[in-house]
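Quick one: structure below, then a few questions.
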Amino acid sequence: LVDETEVEVFSVPSYACQRRTTLDNHNNVLAHALSLLAENAELEDEDGRGVAFRRAAAVLKALPKPVTSMMQLRGLPCLGDHCLRVIKDILETGTSSEVEATKQSERYKALKVLTGIFGVGAKTAARWIRDGIHTLQQLRDSGHTLNRAQQAGLEHYEDLHQQVTKAEADTIGEIVERAVVSVLPGAQVVLTGGFRRGKLTGHDVDFLITHPVEGREEGLMPKVVSWLESQGFLLYQKTTRNSYLESNDGPARPASNIDRFERCLSIFKLIKEDKHETKQLGKLSENGLETPEDTCSSLTHVQTDPNPATPSCAKGQIHSGEDTGHRLWRAVRVDLVVSPISQFAFALLGWTGSKLFERELRRWAGYEKAMSLSSHALYDNNQSRYLRATSEEEIFAHLGLEYIPPSERNA
Ligand code: 8DG
Ligand code: MN
Ligand code: MN
């Protein structure tokens, strides 16, 4: 018999940005179940419910031991009745009927497949489902007009659903670095996103680019994109100025820098580093990397099409790899962001994630400190001024938070 008073009751701080959340945790099954309900809510375009489930999942990830009894959860933040019901179900029966029913539901499956296409959000997917489209084939057959992103997303669907490895991320990092220093010597490239948090795989690769001299980074993105395009590395790209127009967090965006912050959502053409095949190709550039053009021309002895996305080259029909049933390249999603050095620390913090950790930082700043945090700046509403920072550590200090390193931001 266990005396109730001996049950260890867990306790964690309310905000995910106050907690250290590593990649491994003691409650994977529970966290995974709640994450699936979060995903389902997001797929239904119910972001409020989605965040509630994400916060609950993050609390479970932060617990020091596996949960064995509901009593241990008393007083924990972010666990509403709905979440507690799901947890109880799993503790008692091993599974959650709601989670299982969601996984089996045709609507969830269709929303997941359709939003799994790069460029397709929850609203578009819901519209297509109302038109009776549940699968990729039905979409292809429907004659619906797709925008450029969605066309690329559909074309490279399978590749973009293969996890990107750290080795592939590093290879792409070398290419991006070559592009960046070619067009602006002295510019710097940093790997951000999940890989900076220590993840071994990811759904994309995220890079932040800056230059130590303020202002030198202006106009950099179009040049980097042109370089990458000229070398045949891009299957798709869309460059947008100032991603923070969407921000509704108040004055966290310094007006003077509105036009300087650029990002590029792209799909890279990554040559597979298969040693056997590389040897067959023979011709290697000085750093061991071959550009898509090199591969194409060395195999076909014809002038390469300047547009790598055209079928002759991109689909690989005339690649020798096609004969043996596999291509020599794959498509990989890559995000590039350019930041002036004065905003670099904020951009680095903002693009390292996790998404929930970022959201919690902004919530903490707003509710607890009367500050507005963005990927550009930190504004103190009480002092009516921007707070400068040249490192992530300084930003945490401004926010009155203990510094949490990237590897512990996996909320
Ligand atoms: P994964 O790719 O390995 O699956 O995970 P991830 O690297 O954590 O996710 P991500 O979707 O690539 O996002 C990385 C970070 O980028 C995330 O913490 C938030 C940030 N981010 C976006 N979109 C935007 C945006 O529009 N503005 C800003 N400032 N940040 C963004 O993903
Ligand atoms: Mn990422
Ligand atoms: Mn990304």
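Numbering of residues begins at 1 and proceeds along the displayed sequence. The figures here come from the full heavy-atom set of this structure, side chains too, leaving out hydrogens, waters and symmetry mates.
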>> Would you say that more than 12 heavy atoms from the other residues, nucleotides or ligands in this model lie under 6.0 Å from the OH of Y367, or not?
In response: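 Open.
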> K166 and D170: salt bridge (Lys or Arg N to Asp or Glu O under 4.0 Å), yes or no, with the steps?
Replying inline: CA-CA 6 Å; K166 180 64 167 54; D170 288 339; 2.9 Å; yes
> Distance-only, no hydrogens or angles: does the H156 side chain make a donor-acceptor pair with backbone N or O of L235 under 3.5 Å?
Replying inline: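 Side chain of H156 to backbone of L235, a donor-acceptor pair under 3.5 Å: no, none is there.
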> Does E408 reach the side chain of P405, with side-chain heavy atoms less than 4.5 Å apart?
Replying inline: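 Yes, their side chains come closer than 4.5 Å.
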>> Within the structure provided, determine whether V12 and P77 are in side-chain contact (heavy-atom separation under 4.5 Å).
In response: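 Side-chain contact under 4.5 Å: yes.
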>> Minimum heavy-atom separation for A377 and Y386, please, with both atom names.
In response: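 Smallest interatomic distance, heavy atoms only, reads CB-CD2, 3.9 Å.
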>> Could you measure the distance from the NZ atom of K269 to the CG atom of L228? Nearest 0.5 Å is fine.
In response: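 It comes to 13.5 Å.
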>> Between E168 and K272, does any NZ, NE, NH1 or NH2 come within less than 4.0 Å of an OD or OE carboxylate oxygen?
In response: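 Looking at E168 together with K272, the answer is no, because their closest N to O distance does not fall below 4.0 Å.
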> Could you go step by step and tell me if R20 and E402 meet the salt bridge (Lys or Arg N to Asp or Glu O under 4.0 Å) rule?
Replying inline: CA-CA 10 Å; R20 297 175 182 275; E402 199 180 319; 2.8 Å; yes
> Step by step, would you call R333 with D335 a salt bridge (Lys or Arg N to Asp or Glu O under 4.0 Å)?
Replying inline: CA-CA 7 Å; R333 273 273 298 110; D335 287 339; 2.8 Å; yes
>> T210: which residues meet the side-chain contact (heavy atoms from CB on, under 4.5 Å) condition with it, sequence neighbours left out?
In response: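 Testing T210 for side-chain contact (heavy atoms from CB on, under 4.5 Å), a comparison that skips the adjacent residues, returns Q188, I341, F344.
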> If you draw a 6.0 Å radius around CG in D24, do more than 12 non-hydrogen atoms from other residues or ligands fall strictly inside?
Replying inline: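 Not more than 12 within 6.0 Å, no.
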>> Strictly distance-based, threshold 3.5 Å: is any side-chain N or O of Q343 a donor or acceptor partner for the main-chain N or O of P340?
In response: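 Such a contact is absent between Q343 side chain and P340 backbone.
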> Who passes side-chain contact (heavy atoms from CB on, under 4.5 Å) against K109, sequence neighbours left out?
Replying inline: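 Listed in chain order: E106.
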> Any side-chain heavy-atom pair from V332 and D204 closer than 4.5 angstrom?
Replying inline: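 Heavy-atom side-chain distance check fails, nothing below 4.5 Å.
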>> Are there over 12 heavy-atom neighbours, none belonging to L200, within less than 6.0 Å of that residue's CG?
In response: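 No, not enclosed.
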> What is the ring orientation for Y236 with F118, classed by angle as parallel under 30°, tilted 30 to 60°, or perpendicular over 60°?
Replying inline: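 Perpendicular, since the angle between the ring planes exceeds 60°.
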>> Could you check whether any side-chain N or O of Q138 sits under 3.5 Å from a backbone N or O of T135, counting only pairs where one atom can act as donor and the other as acceptor?
In response: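 A pair under 3.5 Å: yes.
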> In terms of side-chain heavy atoms, does T22 have a donor or acceptor partner in N410 at a distance below 3.5 Å?
Replying inline: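 Absent: no donor and acceptor within the cut-off.
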>> With side chain to side chain donor-acceptor pair (under 3.5 Å) as the criterion, how do Y108 and E44 come out once you've worked through the C-alpha distance, each side chain's angles and the decisive distance to 0.1 Å?
In response: CA-CA 9 Å; Y108 168 79; E44 292 290 359; over 6 Å; no
> Taking the side chain from E217 and the backbone from G215, do they hold a donor-acceptor pair closer than 3.5 Å?
Replying inline: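 Yes, the answer is positive, given that a donor and an acceptor are paired below the 3.5 Å cut-off.
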>> Once rounded to the nearest 0.5 Å, what's the spacing between atom CG of L30 and atom CD1 of I90?
In response: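 CD1 of I90 is found 5.0 Å from CG of L30.
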> In chain order, what residues pass the salt bridge (Lys or Arg N to Asp or Glu O under 4.0 Å) check against R359, with sequence neighbours excluded?
Replying inline: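 Salt bridge (Lys or Arg N to Asp or Glu O under 4.0 Å) check on R359 returns nothing, list empty.
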> What pairs meet the salt bridge (Lys or Arg N to Asp or Glu O under 4.0 Å) rule with one or both residues in residues 114-140, with sequence neighbours excluded?
Replying inline: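 Residue pairs passing salt bridge (Lys or Arg N to Asp or Glu O under 4.0 Å), neighbours aside: D45-K123.
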> If you count the non-hydrogen atoms of other residues, nucleotides and ligands that lie under 6.0 Å from CZ in R216, is the total more than 12?
Replying inline: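 Check fails, neighbour count at 12 or below.
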>> Less than 3.5 Å apart, any donor N or O on the side chain of S374 or H376 sitting next to an acceptor on the other?
In response: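 On atom types as modelled, these side chains do not qualify, holding no pair under 3.5 Å.
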> Can you check whether M371 reaches Q383 side chain to side chain, under 4.5 Å on heavy atoms?
Replying inline: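 Sidechains of Q383 and M371: no contact.
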> Does S384 reach the main-chain N or O of D380 with its side chain, forming a donor-acceptor pair under 3.5 Å?
Replying inline: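 Pair absent, no side-chain N/O of S384 close to backbone of D380.
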> Between atom CG of L114 and atom CD1 of I129, what is the distance when rounded to the nearest 0.5 Å?
Replying inline: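 Taking CG in L114 and CD1 in I129, the distance rounds to 5.5 Å.
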> So do the side chains of L373 and I395 get within less than 4.5 Å of each other, counting heavy atoms only?
Replying inline: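 SC-SC contact between L373 and I395 confirmed.
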>> Could you report the tightest heavy-atom contact between L387 and F346, atom names first, then the distance?
In response: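 Taking every non-hydrogen atom into account, O-CZ, 3.5 Å.
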> Would Q137 and D141 count as having a side-chain donor-acceptor pair, cut-off 3.5 Å?
Replying inline: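 Yes, side-chain donor-acceptor contact under 3.5 Å.
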>> Please give me the minimum heavy-atom distance between S339 and L208, naming the atom from each residue.
In response: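 Shortest heavy-atom contact: CB-CD1, 3.8 Å.
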>> If you count heavy atoms of other groups shown closer than 6.0 angstrom to NE2 of H32, is the number above 12?
In response: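 No, not enclosed.
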>> Using modelled atom types and a 3.5 Å cut-off, is there a donor and acceptor pairing between side-chain atoms of R409 and backbone atoms of I404?
In response: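 Side chain of R409 to backbone of I404: a pair is present.
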>> Any side-chain to backbone donor/acceptor pair from R19 onto A62? Under 3.5 Å, distance only.
In response: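 Judged by distance alone, no pair lies under 3.5 Å.
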> Is there a donor in the side chain of E214 and an acceptor in the side chain of S342, or the other way round, less than 3.5 Å apart?
Replying inline: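 A pair is found: one side chain offers a donor N or O, the other an acceptor, under 3.5 Å apart.
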> Closest approach of N25 and K61, non-hydrogen atoms and distance?
Replying inline: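 Closest heavy-atom pair between N25 and K61: CB-O, 3.3 Å.
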> Among side-chain atoms of T390 and E394, is any donor-acceptor pair under 3.5 angstrom?
Replying inline: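 Yes - a donor-acceptor pair under 3.5 Å links their side chains.
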> Taking the side chain from R197 and the backbone from T352, do they hold a donor-acceptor pair closer than 3.5 Å?
Replying inline: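 A pair under 3.5 Å: yes.
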> Do you know the tightest heavy-atom contact between L356 and R54?
Replying inline: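 Closest heavy-atom pair between L356 and R54: CD2-O, 3.6 Å.
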> With sequence neighbours excluded, what pairs up with K112 under the side-chain hydrogen bond (donor to acceptor under 3.5 Å, both in side chains) test?
Replying inline: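 For K112, the residues satisfying side-chain hydrogen bond (donor to acceptor under 3.5 Å, both in side chains) (neighbours in sequence not counted) are E39.
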> Backbone N or O of G119 within a donor-acceptor pair of the Q150 side chain at under 3.5 Å?
Replying inline: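 Indeed, once roles are kept as given, a pair shorter than 3.5 Å links the two residues.
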> Closest heavy-atom contact between K65 and F10?
Replying inline: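 Smallest interatomic distance, heavy atoms only, reads O-CZ, 3.8 Å.
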> Would you say the side chain of R327 lies within less than 4.5 Å of the side chain of D159, judging by non-hydrogen atoms?
Replying inline: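 Heavy-atom side-chain distance check passes, below 4.5 Å.
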> Given I172 and V334, is the side-chain contact (heavy atoms from CB on, under 4.5 Å) satisfied, shown in steps?
Replying inline: CA-CA 9 Å; I172 292 170; V334 175; 3.9 Å; yes
> Any side-chain heavy-atom pair from C17 and L401 closer than 4.5 angstrom?
Replying inline: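 The answer is yes, as the side chains (C-beta and beyond) meet within the 4.5 Å cut-off.
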> Has R385 got its NZ or CZ under 6.0 Å from the middle of the six-membered ring of Y379, at an angle within 45 degrees of the ring axis?
Replying inline: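 Judged by the rule (NZ or CZ under 6.0 Å from the ring centre, within 45° of its axis), R385 is not positioned above Y379.
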>> Once ring-ring contact (aromatic ring centres under 6.0 Å, His included) is applied, what residue pairs with a partner in residues 35-55 remain, sequence neighbours excluded?
In response: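 For residues 35-55: F53-H82.
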>> Counting C-beta onward and ignoring hydrogens, is there a side-chain heavy-atom pair between V9 and Q72 closer than 4.5 Å?
In response: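 Not touching, per the 4.5 Å side-chain cut-off.
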> If you count the non-hydrogen atoms of other residues, nucleotides and ligands that lie under 6.0 Å from CZ in R388, is the total more than 12?
Replying inline: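 No, not enclosed.
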> S266 side chain to F268 main-chain N or O, any donor-acceptor pair under 3.5 Å?
Replying inline: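 Pair absent, no side-chain N/O of S266 close to backbone of F268.
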> Is there a donor-acceptor contact under 3.5 Å linking the side chains of Q237 and T239?
Replying inline: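 Looking only at side-chain atoms, T239 and Q237 do form a donor-acceptor pair, the distance falling under 3.5 Å.
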>> Within this structure, what is the CH2-CG distance for the pair W329 and L270, rounded to the nearest 0.5 Å?
In response: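 These two atoms lie 10.5 Å from each other.
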>> I'd like to know whether R196 forms a salt bridge (Lys or Arg N to Asp or Glu O under 4.0 Å) with D206, so could you lay out the CA-CA distance, the side-chain angles of the two residues, the decisive distance to 0.1 Å, and finally the verdict.
In response: CA-CA 9 Å; R196 182 159 184 258; D206 307 284; over 6 Å; no
